[in-house]
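Here is how names work: the chains are called A, B, and so on, in the same order as the sequence lines, proteins then strands, and each is numbered from 1. We use all heavy atoms of the structure for the numbers below, so side chains are in, but hydrogens, waters and symmetry mates are not.
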Amino acid sequence: MSSGIFAALIRDTGGSVRSDGPDVDSDAAGDEASDAEPRVRTDGGTVVDGAGERSGSADAEPSLRSRFRRSRFLESIPFWGPPGVLVLFFVYGAIGWNFVISLTGWEGLGSPDYSSLSTEMYTQLLADSSFHAAFQNTLVLLFAFTVLSLVVGLLLAILVDQKIRLENTFRTIYLLPMSLSFVVTAIFWSWMYNPSNGLINELLRAIGLDALTQAWLSDPQFKLAAIIFALMWQFSGYCMVVYLAGLRAIPESQYEAARIDGASTTRLYWRVIIPQLRASTMSAAVVLVVFALKAFDFLFVLFGVNPGQSADILSVMMYRVAFDRVQWAYGSAVAMVLFAMALGVIGPYLYLQYRRGEL
Amino acid sequence: MAQLELDSVTKRFGEGDESVLAVDDVNVDIADGEFLVLVGPSGCGKSTTLRMVAGLESITDGEIRLGGDRMNEKRPAERDIAMVFQSYALYPHMTVRQNMRFGLEESTDLDDDEMDERVEDTAELLDITELLDRKPGALSGGQQQRVALGRAIVREPAAFLMDEPLSNLDAKLRSQMRTELQQLQDDLDTTTVYVTHDQTEAMTMGDRIAILDAGELQQVATPLEAYHRPANRFVAGFIGEPSMNFVEGAVDGDALTADGFRYPLGESVAAAVDGSANATLGIRPEDITVDGSGSLEGDHTFDATVDVVEPMGDENVVHLSIDGGPQLIATVDGLRRIESGTAVTVEIPEEAIHVFDGSSGEALHNRSLDDAELDDRRV
Amino acid sequence: MSAADRARSAATGLDRSRVALYLVLLAMVAFYLAPLESGLMTAFKTPEGFRTTTPFALPPIGEFTVSAWGMAFERLSSGLLNSAMMAVPATVLSALFGSLAAYGLTNLSWRGQIGVLMLFVAGVFIPYQAVLVPLTQFWSFVDLGGRIPLAFVDEYQGLINLGITHVAYGIPICTVLFRSYYATIDEDMLEAARLDGASAATIYRRIVLPLSVPIFAVTLIYQFTQIWNDLLFAIVLVSDPSNQVVTVALNQLQGSFVQQFNLQMAGAFVAALPTLVVYVLFGEQFAKGVAGET
């Protein structure tokens with residue numbers, strides 16, 4: 001189990017570069033590999049893109065070599081071509097189209113008028129106080145939800161990693177919520193948060209904390225927090241899986257070495273283990289952010305298109321504006337902001353991985 | 001007739017400033033039925049060379065011919081070669097029989113019965129008949145190795161290419177398979193190129209060995225020739241275990257001098273080094289005489305101290321420091337007791353020395369002892 | 001203190017910390033299962049029952065009923081059927097495309113493939129809101145039912161549109177999952193097959209595909225869950241009530257029976273049943289899919 005797409009990609013480069021990349025020689029026997037001279041394969045992040053047939057200088061039979069290279073390329077097209085076209089059209093084409101629509105003033109019935117394009121919608125957005133609120137809530141949700149899920153997931157992973165019995169059962173239970181639809185979990189949590197009969201308030205009353213009972217989902221003060229908590233419930237198991245894979249990748253000998261060095265368990269984790277989970281944290285955080293940006297379904301089931309200003313987030317606002325008020329162009333502009341936010345997280349991450357040669 | 005010729009074969013990875021020259025102008029002619037071992041340290045370009053022969057890597061420059069036909073543009077499957085991989089590369093979801101048949105199905109027009117017959121014959125040859133219906137996962141490393149060989153043999157190719165086929169086996173099995181492979185190749189008499197980093201395999205298996213370093217061919221010779229008459233310092237150091245001793249020094253008239261060390265040269269050797277300012281003296285560990293009794297005398301004896309003794313059983317590897325001079329490694333009989341710290345006299349007999357040019361590393365003089373024998377061998 | 005005493009106290013210390021560990025683990029089990037357990041209990045209670053008892057308590061005698069389940073099933077059955085009809089083929093297709101793309105971008109190396117791969121990978125993270133408006137435009141423009149004179153296409157136009165959309169947006173994650181697996185396939189083995197004379201297509205069909213069974217299981221299970229659970233695409237792309245999928249039907253059920261919590265909970269379980277069954281049977285594969293998405 002990898003600790004993620006990017007971990008997967010890391011492993012992968014080893015594979016694909018091996019045969020065709022400019023590793024000078026691939027003949028080191030296992031025992032010899034460690035003292036082998038630096039080979040391009042192991043440290044040549046930047047050459048990965050040449051995984052194809054990179055061959056010699058321009059003066060040596062260029063036509064032959066390019067034919068060789070082209071043949072591998074042509075050979076591969078039937079495999080990635082059709083899915084590539086679908087992705088290109090549905091993902092990238094659609095985003096481009098969405099951007100163009102956001103530049104029109106299209107609303108109501110009828111078709112967009114592509115002849116006059118302007119940034120009018122974006123100017124409107126900047127002046128829209130409900131956009132400000134949704135934007136701010138989205139940021140709060142992103143941050144709090146991500147951090148909370150990571151922390152809970154990490155703690156769970158460390159606990160599950162203690163060579164416990166029934167490990168599979170515990171893991172399965174912790175991950176269970178993730179397999180459920182937002183529609184289903186929203187219904188469960190609306191019942192959990194029910195002010196008069198919900199389990200949360202019932203428990204608070206049971207331990208004598210009646211004063212703390214709230215109308216969690218209708219009180220603007222608690223709405224967003226209640227949503228974040230429920231989302232954490234759904235996705236912290238996922239963080240656990242990612243962290244557990246990261247923990248399992250750390251060799252047992254490191255725990256033993258730290259014990260012999262006299263480190264206490266807390267310090268062992270704090271100083272030796274957790275710092276090595278940076279890659280897991282990063283990839284899990286990226287995915288959590290994207291989940292949070294997509295958390296529309298959950299809010300939509302709980303509140304419909306109007307969660308109220310205290311819990312409105314951009315994905316709900318986009319749907320409300322475009323599909324409820326049929327202000328298509330304006331909705332598209334909100335969607336572009338969402339896209340930009342996702343890009344702001346994914347872009348640097350992908351670029352970083354690429355620069356490190358891990359893509 | 002399947003003579004394999006590598007004619008100025010060059011491989012360059014990458015382009016422009018980033019390019020790496022992996023194989024540089026390699027020329028080797030491998031006779032029909034010959035067993036050639038391609039040996040060198042990791043990263044020397046030997047696997048790349050083999051992969052170019054196989055067609056898994058494009059050839060930047062030069063030509064590869066098999067049985068006189070140019071191979072450069074041919075696809076791997078069209079080259080009439082079979083390859084044995086270090087990882088065996090068996091298809092895990094197919095039985096041994098299916099593994100061996102796969103190549104026949106994909107590259108020949110044989111009918112089912114003919115294919116079955118060939119597979120059975122090959123299995124018998126390799127003594128793996130009882131494994132035919134098992135999957136690779138259920139086989140031991142040694143058995144997988146045989147199946148990998150069988151998959152190559154069954155296709156009856158014009159040439160075998162083997163990429164470190166034994167390096168995943170344990171030491172005992174490896175030496176057993178070494179012998180078996182040699183016999184097999186003798187029987188089949190198929191041109192074979194065998195890549196290894198292990199100089200023992202190179203010495204024991206090949207009709208000839210080709211030594212590569214940093215993409216350049218250093219020497220192509222019979223194993224004994226490479227051992228006794230190395231073309232240069234690299235070959236001298238690479239072939240032989242423990243490695244040859246080297247003392248770097250200056251040519252001073254009819255002697256070779258280094259810090260605290262002066263080695264007088266005889267007439268013919270002195271003539272050979274004439275013209276080089278610096279030269280390296282080479283001497284194999286087994287050619288150094290170590291004497292503790294003080295009875296050794298002569299121009300080529302030196303006082304030394306024993307630093308470390310590594311007993312190997314059949315021999316002792318003795319690490320020595322010539323007093324005030326260089327350090328040497330000598331091997332002496334395993335039954336001889338030598339304590340570290342003792343003072344000894346060592347002799348470096350002139351008839352056993354090699355001298356290499358100080359800058360180019362080319363052999364200026366090789367040992368003379370076995371000249372007659374080697375000459376016989378060459379005929 | 002004797003050595004034996006020390007050993008014993010160390011052992012009890014150990015025992016104590018193990019007990020604490022299991023207590024925490026069990027508390028977390030309670031936390032993760034509480035919403036489900038409360039929901040399940042509530043679904044078996046009469047309205048009087050769920051108003052007067054704690055949610056997680058068993059239904060009291062006399063307040064036990066299965067009527068909510070019957071009604072939920074009746075309300076959701078056509079949605080279940082529609083979801084299954086759409087999700088199964090869409091899952092298979094997106095997995096197949098992902099497998100093909102991953103093979104072409106991993107095992108057949110060529111220059112510049114990292115760029116193409118990047119486009120696939122980035123597709124995993126696209127917020128669907130960014131494509132919703134063009135999607136509705138696109139499908140209304142395509143108008144499959146109007147163009148293809150088949151009763152089947154006309155009847156299930158919404159589901160077909162939705163399914164194709166899911167296939168397209170599922171390709172990136174499927175590609176990533178397959179790629180991480182294909183990267184572990186021994187490169188030498190594929191080269192051996194090339195030397196044996198097999199073409200790229202033959203290698204895929206005879207070597208790679210048979211070896212892909214475990215990753216197909218992972219991808220199919222994960223992708224099925226994702227498609228089954230989606231609400232957003234479904235409410236935007238399917239307007240015809242007869243084509244409604246189960247998540248939309250469940251959402252409507254929740255909206256129209258506001259105070260009938262037993263019905264809502266029973267509905268939630270009915271809608272989640274296929275994914276729950278898949279999860280219970282193939283939890284390991286699901287976990288691998290999840291980890292692959294990281």
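Aromatic ring pairs are classed by plane angle as parallel below 30°, tilted from 30° to 60° and perpendicular above 60°; the pair C:Trp139 and A:Phe90 is tilted.
A donor-acceptor distance shorter than 3.5 angstrom exists from the side chain of C:Tyr279 to the backbone of A:Leu176, with no hydrogens or angles considered. Side-chain atoms of C:Tyr204 do not come within 3.5 Å of backbone N or O of A:Phe79 as any donor-acceptor pair. Distance alone, capped at 3.5 Å, places no donor-acceptor pair between the A:Asn98 side chain and the C:Val133 backbone. Checked by atom type and distance alone, the side chain of A:Tyr92 pairs as donor or acceptor with a backbone atom of C:Leu119 at under 3.5 Å. Formation of a donor-acceptor pair under 3.5 Å by the A:Trp233 side chain with backbone atoms of C:Pro35 is not found in this model.
A:Ser236 touches chain C through backbone and side chain together, each having a heavy atom under 4.5 Å away. Residue contact with chain C, scored on non-hydrogen atoms closer than 4.5 Å, involves the side chain of A:Val152 exclusively. In this structure, no portion of C:Ala102 lies under 4.5 Å from any heavy atom of chain A. No part of A:Met336 comes within reach of chain C, as not one of its non-hydrogen atoms sits under 4.5 angstrom from that chain. In this structure, no portion of C:Val248 lies under 4.5 Å from any heavy atom of chain A. A:Gln162 touches chain C through backbone and side chain together, each having a heavy atom under 4.5 Å away.
Residues A:Glu202 and C:Phe56 fail the side-chain proximity criterion, which asks for heavy atoms closer than 4.5 Å. Side-chain contact between A:Met318 and C:Pro127: absent, with no pair of heavy atoms (C-beta onward) separated by less than 4.5 Å. Using a 4.5 Å heavy-atom cutoff, the side chains of C:Thr175 and A:Trp80 are not in contact. Here the side chains of C:Phe138 and A:Phe89 are in contact, with some heavy-atom distance below 4.5 Å. Between A:Ser76 and C:Gln113 there is no side-chain heavy-atom pair separated by less than 4.5 Å.
Aromatic pair A:Trp191/C:Phe50: centroids less than 6.0 angstrom apart. A:Phe188 has its ring centre no less than 6.0 Å from the ring centre of C:Phe261. Aromatic rings from A:Phe296 and C:Tyr128 are positioned such that their centres are separated by 6.0 Å or more.
Of all heavy-atom pairs between A:Tyr319 and C:Ile235, the closest is OH-CD1, 3.5 Å. The minimum heavy-atom distance linking A:Ala335 with C:Gln129 is given by the pair CB-O, 3.4 Å.
Contact count versus chain C (heavy atoms, under 4.5 Å) is highest, among A:Trp97, A:Phe323, A:Tyr174, for A:Tyr174. Here A:Thr172 is the residue among A:Leu88, A:Leu314, A:Thr172, A:Ile101 with the most heavy-atom pairs under 4.5 Å with chain C. By number of non-hydrogen pairs under 4.5 angstrom with chain C, the leading residue of A:Leu180, A:Val184, A:Asp297, A:Asn197 is A:Asp297. Ranked by non-hydrogen atom pairs under 4.5 Å with chain C, the options A:Ile200, A:Asn194, A:Ile164, A:Ile95 are led by A:Ile164. Top candidate by heavy-atom pairs under 4.5 Å with chain A, chosen from C:Ser199, C:Ala122, C:Gly267, is C:Ala122. Most heavy-atom pairs under 4.5 Å with chain C: of the set A:Phe182, A:Trp189, A:Phe170, this distinction falls to A:Phe170. Ranked by heavy-atom pairs under 4.5 Å with chain C, the list A:Val91, A:Ile187, A:Leu86 is led by A:Ile187.
Rounded to the nearest 0.5 Å, atoms CG (C:Asn229) and OG1 (A:Thr185) are 9.0 Å apart.
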